[in-house]
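Numbers here simply count residues along the sequence, with the first being 1. When reading the values below, keep in mind they use all heavy atoms of this one structure, side chains included, and skip hydrogens, waters and symmetry mates.
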Amino acid sequence: MGTLTYDSRVTVSFDDRILAHLQQVIWAKLRRGEAFPFTWTDPMRSGLGRTSIWLSPNVTLTFEYFGGRQPRLNPAWVEALTKAANSPAGLTMVPEPDPPA
């Protein structure tokens, strides 16, 4: 399990593979100077079911991975996450589609 830390205040754990896909999408948008919301659910935390943050190039983000190897990215999932990030609702976790054949 890796972690995403937002502005040194919010830390959330994601599987390394999920985190790698999120990092790809988030960095692409931030490199273009785009701000956007990111919402996720966390049923493991008692009393907290959903968290939303506003991502912008001015906010510090840290991606920390448990494993030492870069997970293989599924381009179809990166595309689906990017489509979600570009929507009015912002980035949300979408199911991983099958990788391209």
Side-chain angles (χ1 to χ4, degrees):
M1 291 295 274
T3 59
L4 167 63
T5 303
Y6 169 80
D7 199 25
S8 303
R9 297 176 191 204
V10 176
T11 299
V12 61
S13 295
F14 291 103
D15 176 82
D16 277 2
R17 189 158 184 285
I18 294 170
L19 190 60
H21 284 80
L22 290 171
Q23 181 178 350
Q24 180 85 13
V25 172
I26 291 168
W27 279 4
K29 288 191 66 72
L30 296 180
R31 273 194 306 271
R32 292 189 297 268
E34 299 174 11
F36 59 102
F38 174 33
T39 301
W40 66 90
T41 57
D42 191 358
M44 303 302 289
R45 292 177 59 194
S46 177
L48 298 173
R50 184 171 53 114
T51 303
S52 293
I53 56 175
W54 185 253
L55 297 171
S56 74
N58 302 324
V59 177
T60 303
L61 290 175
T62 305
F63 295 85
E64 296 180 279
Y65 294 89
F66 178 76
R69 293 185 181 166
Q70 170 71 26
R72 177 166 288 177
L73 296 180
N74 175 348
W77 199 10
V78 171
E79 184 177 332
L81 289 166
T82 299
K83 185 175 180 180
N86 290 330
S87 75
L91 179 59
T92 57
M93 290 304 304
V94 296
E96 180 175 6
D98 291 331

Open item on the list: List the residues meeting salt bridge (charged side-chain N to carboxylate O under 4.0 Å, His left out) with Arg9, not counting sequence neighbours, and say none if there are none.
Closed with: Asp7
Would you be so kind as to tabulate the donor-acceptor pairs closer than 3.5 Å made by side chains of residues 75-85, with sequence neighbours excluded?
| unit_1 | atom_1 | unit_2 | atom_2 | d |
| --- | --- | --- | --- | --- |
| Trp77 | NE1 | Val94 | O | 2.9 |
| Thr82 | OG1 | Val78 | O | 2.8 |

TODO: State, yes or no, whether a side-chain contact exists between Phe36 and Leu30 at a heavy-atom distance under 4.5 Å.
DONE: yes
- [ ] Check salt bridge (charged side-chain N to carboxylate O under 4.0 Å, His left out) between Arg69 and all other residues, then give those that pass, not counting sequence neighbours.
- [x] none
Task: side-chain contact (heavy atoms from CB on, under 4.5 Å) partners of Ser87, counting only residues at least two apart - done: Ala89
Open item on the list: Given 3.5 Å as the limit, does a donor-acceptor pair link the side chain of Tyr6 with the main chain of Trp54, or not?
Closed with: yes
Task: Linked, directly or transitively: Leu22 and Phe66 (ILVMFWY side chains, under 4.5 Å) - done: no
Task: Closest non-hydrogen atom pair between Asp16 and Met1, with its separation - done: OD1-C, 3.6 Å
Open item on the list: Is the shortest side-chain heavy-atom distance between Lys29 and Leu55 below 4.5 Å?
Closed with: no
Open item on the list: Under the salt bridge (Lys or Arg N to Asp or Glu O under 4.0 Å) definition, can you give me all pairs with a residue in residues 91-101, not counting sequence neighbours?
Closed with: Arg17-Glu96
Task: Leu91/Trp40 under side-chain contact (heavy atoms from CB on, under 4.5 Å): CA gap, chis, key distance, verdict - done: CA-CA 8 Å; Leu91 179 59; Trp40 66 90; over 6 Å; no
Open item on the list: Run the side-chain contact (heavy atoms from CB on, under 4.5 Å) test against Phe63 and tell me which residues pass, sequence neighbours left out.
Closed with: Leu4, Leu19, Gln23, Ile26, Trp27, Leu61, Tyr65
Open item on the list: Restricting to non-hydrogen atoms, name the atom on Glu34 and the atom on Pro57 that form the minimum distance, rounded to 0.1 Å.
Closed with: O-CD, 4.1 Å
